[in-house]
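In listed order, ligands and their atoms are each counted from 1.
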Amino acid sequence: MNAPLPFRSALVTGASSGIGAAMVAALGEAGIAQVVVARRTDRLNEVAKRFQNVEVLSADLATSQGLALVEARIACEAAPIDLVVNNAGFGTSGYFHRLDADRLDDEISLNIRALTRLSHAALAVMVPRGSGYLLNVSSIASFQPAPKLAVYAATKAYVTHLTESLHEETRGTGVKVTALCPGLTRTEFQSVSNTDSYAASYPAVAWLTADEVARAGLRDVASGRALSVPGLLYKGLAAASGVTPRGLARRLSGLVQRG
Ligand SMILES: NC(=O)c1ccc[n+]([C@@H]2O[C@H](COP(=O)([O-])OP(=O)(O)OC[C@H]3O[C@@H](n4cnc5c(N)ncnc54)[C@H](OP(=O)(O)O)[C@@H]3O)[C@@H](O)[C@H]2O)c1
């Protein structure tokens with residue numbers, strides 16, 4: 001049986017769909033108060049109705065105004081948050097030179113800039129408090145290059161590196177910091193990133209559910225792991241990527257993406 005979740009209150013970005021919505025469900029079922037963040041207010045209101053103590057915060061995290069709203073909420077000591085989940089993110093597939101440069105810019109703003117600022121806001125209150133949890137959603141794609149998802153994999157490499165550094169920086173402070181690195185998970189990610197074809201290209205065994213990813217991430221940040229890789233297949237791949245020669249990993253990744 002799983003240990004009860006230790007959080008008193010949580011803020012989840014990207015809560016309107018997929019892994020974020022599954023986190024909200026797991027936290028809501030455990031009776032944990034939450035702030036849910038995304039752009040689609042109607043979806044957030046639907047989520048809020050299902051559980052008690054859910055605060056809706058509509059924000060576009062690719063903008064400075066949206067970010068400022070969420071930073072202020074994390075910093076609010078009158079209603080403290082003790083788990084921050086940086087989950088909002090998206091990808092763009094295709095040959096780099098053919099993709100829209102403004103969209104790639106937005107992807108970098110959300111996956112890197114917003115996650116960095118909100119991690120900063122979280123640790124700035126949690127470290128002096130001597131307690132708290134930060135869960136940053138990265139990807140299995142962070143462990144090797146991913147041709148045709150090049151910017152996405154590069155943003156996620158940043159997320160894993162940053163988060164592992166923060167995990168070590170906060171050692172002994174009472175704050176726990178974890179990077180969640182899921183593999184293929186059925187969500188709206190595939191339609192947003194134009195990777196719907198993956199459904200036919202990858203076998204059923206390669207697919208995780210949003211619920212299993214969300215629960216693994218929450219369990220692993222609660223127990224203070226640096227990295228959370230849901231599923232045996234992806235645990236094996238993550239371990240293999242650490243011992244595979246860089247050139248070989250790059251070529252294999254290119255062959256898979258070309259397929
Ligand atoms: N699905 C996978 O295979 C997979 C694998 C590894 C890692 N991940 C990572 O998991 C995380 C969650 O993705 P998902 O699979 O659950 O995809 P999803 O279903 O598309 O959910 C993405 C969430 O991010 C929010 N979001 C997007 N742009 C935003 C913005 N500018 N401001 C605020 N919120 C924004 C979306 O809400 P609104 O549109 O309402 O704003 C939505 O709630 C992402 O970081 C993704 O990179 C996914």
Side-chain angles (χ1 to χ4, degrees), residues 11-26 35-48 56-71 73 85-93 102-103 105-119 135-144 146 149 151-160 162-163 179-199 201-202 206-214 216-217 227-231 233-234 237-238:
L11 180 143
V12 181
T13 71
S16 61
S17 118
I19 295 167
M23 297 244 180
V24 172
V35 182
V36 293
V37 182
R39 293 166 302 181
R40 286 172 291 179
T41 315
D42 51 338
R43 291 271 199 108
L44 294 178
N45 285 332
E46 284 304 312
V47 167
V56 167
L57 189 50
S58 305
D60 181 345
L61 295 173
T63 67
S64 297
Q65 300 90 311
L67 261 179
L69 270 180
V70 183
E71 285 176 296
R73 181 60 190 86
V85 183
N86 276 312
N87 163 74
F90 76 92
T92 310
S93 71
D102 289 335
R103 180 181 159 113
D105 205 33
D106 282 350
E107 188 174 329
I108 293 166
S109 291
L110 182 64
N111 296 7
I112 292 184
R113 178 171 180 250
L115 177 134
T116 304
R117 289 205 65 121
L118 299 185
S119 295
L135 179 59
N136 284 339
V137 182
S138 184
S139 168
I140 197 80
S142 67
F143 297 124
Q144 65 282 307
L149 267 175
V151 170
Y152 178 71
T155 65
K156 293 301 186 178
Y158 172 92
V159 173
T160 298
L162 174 79
T163 309
L180 172 58
C181 302
L184 293 168
T185 309
R186 286 186 207 284
T187 65
E188 292 175 17
F189 179 88
Q190 286 77 39
S191 58
V192 174
S193 62
N194 193 25
T195 54
D196 281 319
S197 63
Y198 284 12
S201 325
Y202 291 92
W207 290 88
L208 300 162
T209 66
D211 183 61
E212 58 190 317
V213 169
L227 291 176
S228 173
V229 182
L233 170 69
Y234 290 108
L237 282 177

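- Contacts of F143 classified as ring pair (Phe, Tyr, Trp, His ring centres under 6.0 Å), with partners at least two apart in sequence or in another chain: none.
- Note that CG of D196 is 7.0 Å distant from CD of Q190, once rounded to the nearest 0.5 Å.
- Annotation for V47 and A15: closest pair CG2-O, 4.0 Å, computed over non-hydrogen atoms.
- Among protein residues, G14, A15, S16, S17, G18, I19, A38, R39, R40, A59, D60, L61, A62, N87, A88, G89, L110, V137, S138, S139, Y152, K156, P182, G183, L184, T185, T187, E188, F189, Q190 come within 4.0 Å of ligand 1, judged on heavy atoms.
- Residues Y198 and F189 keep their aromatic ring centres 6.0 Å or farther apart.
- Taking the side-chain hydrogen bond (donor to acceptor under 3.5 Å, both in side chains) definition, one finds that T155 meets it with N111, sequence neighbours left out.
- When the side-chain hydrogen bond (donor to acceptor under 3.5 Å, both in side chains) test is applied to S64, the partners found at least two apart in sequence or on another chain are R113.
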